[in-house]
Amino acid sequence: MREGLIIKGYGGFYYVRTGEKTWCCRGRGRLRLGQNLLTGDRVQFTPLDKGEGVIEEIKERKNALPRPPVANVDQVISVVSLAHPDPDLKLLNRSLVLCELEKLSIVICFNKIDLIDSSQAKDLEDIYRKAGYHTVFTSALEGRGLEQLRQVIAGKISVLSGPSGVGKSTLLNSLDPNLSLETGEISRKLKRGKHTTRYVELIPLCDGFVADTPGFSSLELPTIKRTELGRCFPEINEFAGQCRFYDCIHLDEPDCEVKNALEQGLISRARYHDYKQFMEEIISKERIY
Ligand code: GDP
Ligand code: ZN
């Protein structure tokens, strides 16, 4: 038997990658009969002739995302456009919260650095480094920052997230010119009309794998406890344990170390502002249910 990674499932066949080779496999027994195999599953399979094989067993999953349906995701790369369209930091902060809730590692990729001044980039870098996030700055168009992005992708299974137009497809193409993914919203919309059903596929790229479909199509915050939100902001979480009240939500409580850290500039105002807004959302949901 051999071990491999399912990079695509389609019509009862599973494409299993081992090194540079892809095997076309079916599942045996219960695996064929609907015990669901997912893209991203690591499996044991029996190789047959002509690059075919039979999957015998799934190895235990570390996680499984619903959208896109991928198992064993190592990280989410959140792509943000620095200009055209302007950076949507509220959306970024929201997707960071969702990743924290799922306990997924996150890398923030600020793309289109060719369109802004370096001082603007520095401000963003400060905000997110201070929050404890790994950031890379790229220009898919000019090929800048691609080496850092390669290092992020190597050896891991990644899902790119970010709204359309931020440059996700252009980035992947510039990392591997053989990919030639469709870029630009209009050409993709024309194509999508023809292919109504979508299967998620892991693209082998830079010694790692990247899902071909972006993550987090819905960014509504789930119903969580008030105190859980602070844990989804690493820089708030760092101080939360020192507040006077164990259930402090860092709004107007006395002796709140998070508010102190904010006053001292250790927490960015922009990030705290979104924390407050997300808290309001969570509280308004409590009133409905
Ligand atoms: P996606 O929807 O996130 O996959 O975005 P696309 O890859 O389709 O890119 C959207 C638009 O942004 C296209 O017109 C790209 O040419 C452009 N674009 C992508 N990356 C860059 C970049 O680094 N700099 C500039 N100036 N434009 C970019
Ligand atoms: Zn507090």
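Everything numeric here is computed off the predicted structure, so don't read it as measured data. Counting starts at 1 for both ligands and their atoms, following the listed order.
In terms of polar-atom proximity, defined here as any N/O pair under 3.5 Å, T138 makes no such contact with ligand 1. At least one N/O-N/O distance between K112 and ligand 1 falls below 3.5 Å. Ligand 1 has no N or O atom lying under 3.5 Å from any N or O atom of I113, backbone or side chain.
Salt bridge annotation for K130-E238: absent, with no cationic side-chain nitrogen under 4.0 angstrom from a carboxylate oxygen. A salt bridge does not link E220 with R94: none of the charged nitrogens is closer than 4.0 Å to a carboxylate oxygen. A salt bridge between R271 and E235 is present, with a side-chain N of the basic residue lying under 4.0 Å from a carboxylate O of the acidic one. The pair D41-K59 fails the salt-bridge criterion, with no side-chain N (NZ, NE, NH1 or NH2) lying under 4.0 Å from an Asp/Glu carboxylate O. Classification of E52 and K50 as a salt-bridged pair fails, no side-chain N sitting under 4.0 Å from a carboxylate O. Remark: R226 engages E286 in a salt bridge, criterion side-chain N to carboxylate O under 4.0 Å.
Listed by atom number, the atoms of ligand 1 under 4.0 Å from V166 heavy atoms are 3 (O), 5 (O). Each of the atoms 23 (O) of ligand 1 lies under 4.0 Å from some heavy atom of S139. Under a 4.0 Å criterion applied to the non-hydrogen atoms of G165, ligand 1 contributes the atoms 1 (P), 2 (O), 3 (O), 5 (O), 10 (C), 12 (O). For ligand 1, the atoms lying closer than 4.0 Å to a non-hydrogen atom of S164 are 2 (O). Below 4.0 Å from some heavy atom of N111 lie the following atoms of ligand 1, by number and element: 20 (N), 21 (C), 23 (O). Which parts of ligand 1 touch D114 is read off a 4.0 Å heavy-atom cut-off, strictly below it: atoms 22 (C), 23 (O), 24 (N), 25 (C), 26 (N).
Nearest residue to atom 5 (O) of ligand 1 from G167, A140, S169, S161 is G167 (criterion: closest heavy atom).
Under 3.5 Å, the side chains of N111 and T138 contain a donor-acceptor pair of N or O atoms. Looking only at atom types and distance, the side chain of T18 has no donor-acceptor partner in the side chain of E3 under 3.5 Å away. Looking at Y128 and D123, their side chains never bring a donor and an acceptor atom within 3.5 Å of each other.
Of the heavy atoms in L141, both backbone and side-chain atoms come closer than 4.0 Å to ligand 1. Within the 4.0 Å heavy-atom criterion, the part of L115 lying near ligand 1 is the side chain and not the backbone. If you look at T170 next to ligand 1, the close heavy atoms, those under 4.0 Å, come from the backbone and the side chain alike.
Note: Y275 and F233 have perpendicular aromatic rings, judged against thresholds of 30 and 60 degrees for the angle between ring planes.
Protein N/O/S atoms found under 2.8 Å from the Zn ion (ligand 2): C243 SG, C248 SG, H250 ND1, C256 SG.
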Show me the donor-acceptor pairs within less than 3.5 Å that the side chains of residues 252-259 make with the rest of the protein, sequence neighbours left out.
{"from": "E253", "atom 1": "OE1", "to": "H250", "atom 2": "N", "distance (Å)": "3.2"}
{"from": "E253", "atom 1": "OE1", "to": "L251", "atom 2": "N", "distance (Å)": "2.8"}
{"from": "E253", "atom 1": "OE2", "to": "I249", "atom 2": "N", "distance (Å)": "2.7"}
{"from": "D255", "atom 1": "OD2", "to": "R244", "atom 2": "NE", "distance (Å)": "2.9"}
{"from": "D255", "atom 1": "OD2", "to": "R244", "atom 2": "NH2", "distance (Å)": "3.0"}
{"from": "E257", "atom 1": "OE2", "to": "N260", "atom 2": "ND2", "distance (Å)": "3.2"}
{"from": "K259", "atom 1": "NZ", "to": "L251", "atom 2": "O", "distance (Å)": "2.6"}

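For G162, the heavy-atom gap to ligand 1 stays at 4.0 angstrom or more.
Residues Q75 and V152 come closest through the heavy atom pair NE2-O, 2.8 Å. Among all heavy-atom pairs drawn from F45 and C25, the shortest one is CD1-SG, 4.1 Å.
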